[in-house]
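The basis for the numbers below is simple: all heavy atoms, side chains too, and nothing from hydrogens, waters or symmetry mates. Below, chain A is the first sequence line, B the second, and so on; all start at residue 1. Predicted model only: the values in this text are computed from it and were never measured.
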2 protein chains.
Amino acid sequence: MALKVRKNQSKLPPEQCPLTECMSVLGGAWTPNLIWYLSAAPRRFSELRVDMPGISAKILTTRLRDLEAKGVIFREVKPTSPPSVEYSLTELGAELIPAIAAIVKVGHKLKMLHGKE
Amino acid sequence: MALKVRKNQSKLPPEQCPLTECMSVLGGAWTPNLIWYLSAAPRRFSELRVDMPGISAKILTTRLRDLEAKGVIFREVKPTSPPSVEYSLTELGAELIPAIAAIVKVGHKLKMLHGKE
DNA sequence: GAATGAAGTTTCCATTTGGTAACTAAAAGA
DNA sequence: TCTTTTAGTTACCAAATGGAAACTTCATTC
């Protein structure tokens, strides 16, 4: 009988792995872009939609809620004319910036070598 | 009539964005882990399966092929008893290490604050 | 009192993703 | 010749992902 590679119970990249843990935060579509824009300045919902043309309201909401739950961003309702909501990075969120900056840096090299322009 | 947010033609994070470009390389399941293991030493297919218990042969093959096509890893067939295949990072692949290292670093902080252990 | 703008929510749907299991090919060893 | 090992491939399937469009709520403004 052929050697069976024994089945594994975990099936996913290990939860306790820092790499996997962090990628689960940065993973979804638009997520790094969103954090990147918020690192420049606090932004409102509709401003973020302009920052990232193409993102749907549904996904933007999902990302904002998820990142808030993870303690990465902070949500504040401002008592303005029609009440607006401002999002900003928390201290934890700010810790993600070096990682995203490193990704951006490599992204430039990839673009040059891959000639996507 | 309600204001319609005009439909957008792009629908996806912009291709020319370095962040999106790089995330498309690091994006798939197991990808950062795979690059991380290869950064330590060149590895064979079956060794990588041991390194990452839980990864399926199908996905490992897919990742290796994709990363090879993107110039991130190098594939070499060794003329051994049953021929073995060794994978290693290219120079371009090595450029990804600082980014992954930065992600790992934040991952540790996330783990501590989130208490996932 | 109808319209407007902000910030979502909900429904529906197609695509993508990744897992399991079984199968293949080539070469060497018993 | 039959089995083992390495390195995959293929078929099938279920869950997750994310987009489009329409609807909602609340408070102001015309």
(message) When you group the ILVMFWY residues by side-chain heavy-atom contacts below 4.5 Å and let the links chain together, are A/Leu110 and B/Phe74 in the same group?
(response) no

(message) Both A/Thr80 and B/Arg75 contact DNA chain D. Taking the nearest nucleotide for each, which residue is further toward the 5' end?
(response) B/Arg75

(request) Find which nucleotide of DNA chain D each of B/Phe45 and B/Lys58 is nearest to by heavy atoms, and output the residue with the more 5' nucleotide. (result) B/Phe45

(request) Quick one: list whatever passes salt bridge (Lys or Arg N to Asp or Glu O under 4.0 Å) with A/Arg43, sequence neighbours left out. (result) A/Glu47, A/Asp51

(message) Suppose we screen for salt bridge (Lys or Arg N to Asp or Glu O under 4.0 Å). Which residues come up paired with A/Glu68, at least two apart in sequence or across chains?
(response) none

Can you tell me if [X] touches the phosphate of [N], counting only side-chain N or O atoms and a distance under 4.0 Å to OP1 or OP2?
{"X": "B/Trp30", "N": "C/dG19", "result": "yes"}
{"X": "A/Arg44", "N": "C/dG5", "result": "no"}
{"X": "B/Ser46", "N": "D/dA7", "result": "yes"}

(request) Begin from the C-alpha positions of A/Val72 and A/Leu38 and carry the test side-chain contact (heavy atoms from CB on, under 4.5 Å) through to its verdict. (result) CA-CA 11 Å; A/Val72 170; A/Leu38 289 181; over 6 Å; no

(message) Once side-chain hydrogen bond (donor to acceptor under 3.5 Å, both in side chains) is applied, do any residues pair with B/Ser84, and if so which ones, sequence neighbours excluded?
(response) B/Thr80

(message) Holding to side-chain hydrogen bond (donor to acceptor under 3.5 Å, both in side chains), I want the full list of residues that pass it with A/Arg63, two or more places apart in sequence or in another chain.
(response) A/Thr31

(message) Under 4.0 Å, heavy atom to any atom of DNA chain D: which of residues 81-89 of chain B qualify?
(response) B/Pro82, B/Pro83, B/Ser84, B/Val85, B/Tyr87

(request) Give the intermediate values and the outcome of salt bridge (charged side-chain N to carboxylate O under 4.0 Å, His left out) for residues B/Arg44 and B/Glu86. (result) CA-CA 4 Å; B/Arg44 289 184 300 120; B/Glu86 191 175 86; over 6 Å; no

Please give, in whole Å, the distance from [N] [atom2] to [X] [atom1]?
{"X": "A/Arg49", "N": "D/dG18", "atom1": "CZ", "atom2": "C1'", "answer": "14 Å"}
{"X": "B/Glu47", "N": "D/dG8", "atom1": "CD", "atom2": "P", "answer": "13 Å"}
{"X": "A/Ile55", "N": "D/dA20", "atom1": "CD1", "atom2": "P", "answer": "11 Å"}
{"X": "A/Glu76", "N": "C/dA6", "atom1": "CD", "atom2": "P", "answer": "18 Å"}
{"X": "A/Asn33", "N": "D/dG18", "atom1": "CG", "atom2": "P", "answer": "12 Å"}
{"X": "B/Arg43", "N": "D/dG8", "atom1": "CZ", "atom2": "P", "answer": "15 Å"}
{"X": "B/Met23", "N": "D/dT17", "atom1": "CE", "atom2": "P", "answer": "14 Å"}

(request) Scan for salt bridge (charged side-chain N to carboxylate O under 4.0 Å, His left out) pairs involving residues 25-37 of chain B, sequence neighbours excluded, and state none if there are none. (result) none

(request) Specify the angle, to 10°, made by the local axes at the two ends of the helix from C/dG1-D/dC30 to C/dA30-D/dT1 when five pairs are taken at each end. (result) 10°

(request) Give the minimum heavy-atom separation between B/Ala29 and B/Ile59, together with the two atoms involved. (result) O-CG2, 4.3 Å

(request) List the atom of A/Leu60, the atom of A/Met52, and the distance in Å for their closest heavy-atom pair. (result) CD1-CE, 4.3 Å

(message) Checking B/Val104 now: which residues fulfil side-chain contact (heavy atoms from CB on, under 4.5 Å) with it, not counting sequence neighbours?
(response) A/Pro18, A/Leu19, B/Trp36, B/Ile100, B/His108

(message) Under the side-chain hydrogen bond (donor to acceptor under 3.5 Å, both in side chains) definition, can you give me all pairs with a residue in residues 88-100 of chain B, not counting sequence neighbours?
(response) A/Lys109-B/Glu95

(message) Counting only heavy atoms and a strict 4.0 angstrom limit, can you tell me which residues of residues 59-68 of chain B come near DNA chain C?
(response) B/Ile59, B/Arg63

